[in-house]
Amino acid sequence: MTEKYLSKHFDLEKICEGVYAAIAKDGGGSVANAGFVDLGNQTIIFDTFNTQQAAEDLKSIAEKITNRPADWVINSHWHGDHIRGNQVFENSCIISSQLTYEKMKEIHPSRISQQKQDIQGLKNYIESLLEKYTQNNDASLENQINFLREMGASLPTLELVLPQLTYKNEMIFHGSKRSVKLFTLGGGHSFCDSLLYVPDDQVLFMGDLLFVDCHPSFFDESSPKKWVHILKQLDSMDIEYAFPGHGPVGTKADLRKVIDYINEIMVIAEETNRDEEVNVPSKYQNWRSPEIYEQNINRLRELNRLL
Ligand SMILES: [Zn+2]
């Protein structure tokens with residue numbers, strides 16, 4: 001991408017004509033990926049990152065490329081790194097599934113106000129990490145410090161902006177050049193996960209149902225079985241480019257890897273004892289965020305315990 005499309009928060013990649021992926025950079029204000037699609041006479045943005053500053057860059061780059069302000073903005077699910085840039089798009093129509101809207105409304109207000117009240121605590125924490133960093137110069141620590149600094153920069157002016165429009169199963173946007181479909185098959189990674197499909201180019205924006213070359217993260221509400229079930233249904237679609245919530249643009253092969261990963265980790269969590277240490281299997285050794293593996297195991301063990 002040329003200079004005018006550069007952002008410190010993400011790399012912009014043209015997947016095909018009019019379809020763009022904004023891939024989060026480490027230590028930036030994005031955290032998750034986002035993207036946008038030019039329908040010919042309308043623009044759709046998919047997800048709004050973790051901070052306003054990253055969303056500002058996305059907004060201005062999308063405007064430069066499409067020559068119009070964004071008409072529609074989709075929130076794939078309620079997690080902060082996909083919605084906290086919403087306020088930048090206040091003049092667009094923000095859309096999510098009904099359940100995602102409800103969860104955003106229920107969970108974010110208290111969380112955000114707590115964070116706003118503890119900006120000094122965040123600063124102190126960053127200082128303590130900086131001290132550690134001067135001792136060992138660890139690159140992952142540097143990323144964490146930069147990520148927290150972006151959070152700190154966003155908090156004073158951060159406002160929760162909820163979607164203005166919600167849908168239940170699917171909706172189709174008809175543009176002058178192409179139509180795209182927004183849909184959900186329920187929740188797997190989160191309470192409800194939305195996807196955006198561009199049939200002409202066989203591009204599927206998958207939000208956090210897909211992680212490419214990095215460990216998919218399970219949350220309290222994640223349902224590994226439903227997640228696998230959704231991915232298997234998606235596997236029957238025509239997909240050339242599968243765009244994840246985290247990691248680079250992938251393909252159907254990456255979708256299948258996540259199916260295998262979830263199936264395997266479910267078995268391991270079941271067959272090992274609580275507190276037993278487990279190593280990341282060698283085939284996932286090169287995946288990013290290896291610490292997520294242990295977190296996932298613990299969450300699954302907890303889930304098994306509750307069943
Ligand atoms: Zn998520």
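Bear in mind that the values here come from a model prediction, so they are computed numbers and not experimental data. Each ligand, and each atom within it, is numbered from 1 in the order the structure gives. Atoms considered below: every heavy atom in the structure, side chains included; atoms not considered: hydrogens, waters and symmetry mates.
With a cut-off of 2.8 Å, the protein N/O/S atoms near the Zn ion (ligand 1) add up to 4.
For Y261 and H215, the ring centers are positioned less than 6.0 Å apart. The aromatic ring centroids of F218 and H189 lie 6.0 Å or more from each other. The aromatic ring centroids of Y284 and Y293 lie 6.0 Å or more from each other.
When each of F46, Y241, F183 is tested with F205 by the rule ring pair (Phe, Tyr, Trp, His ring centres under 6.0 Å), just one qualifies, namely F46.
Side-chain atoms of N33 come within 3.5 Å of backbone N or O of P244 as a donor-acceptor pair.
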Run the numbers on L234 and L204 for side chain to side chain contact (heavy atoms under 4.5 Å, CB included), then give the verdict.
CA-CA 9 Å; L234 298 172; L204 185 63; 4.2 Å; yes
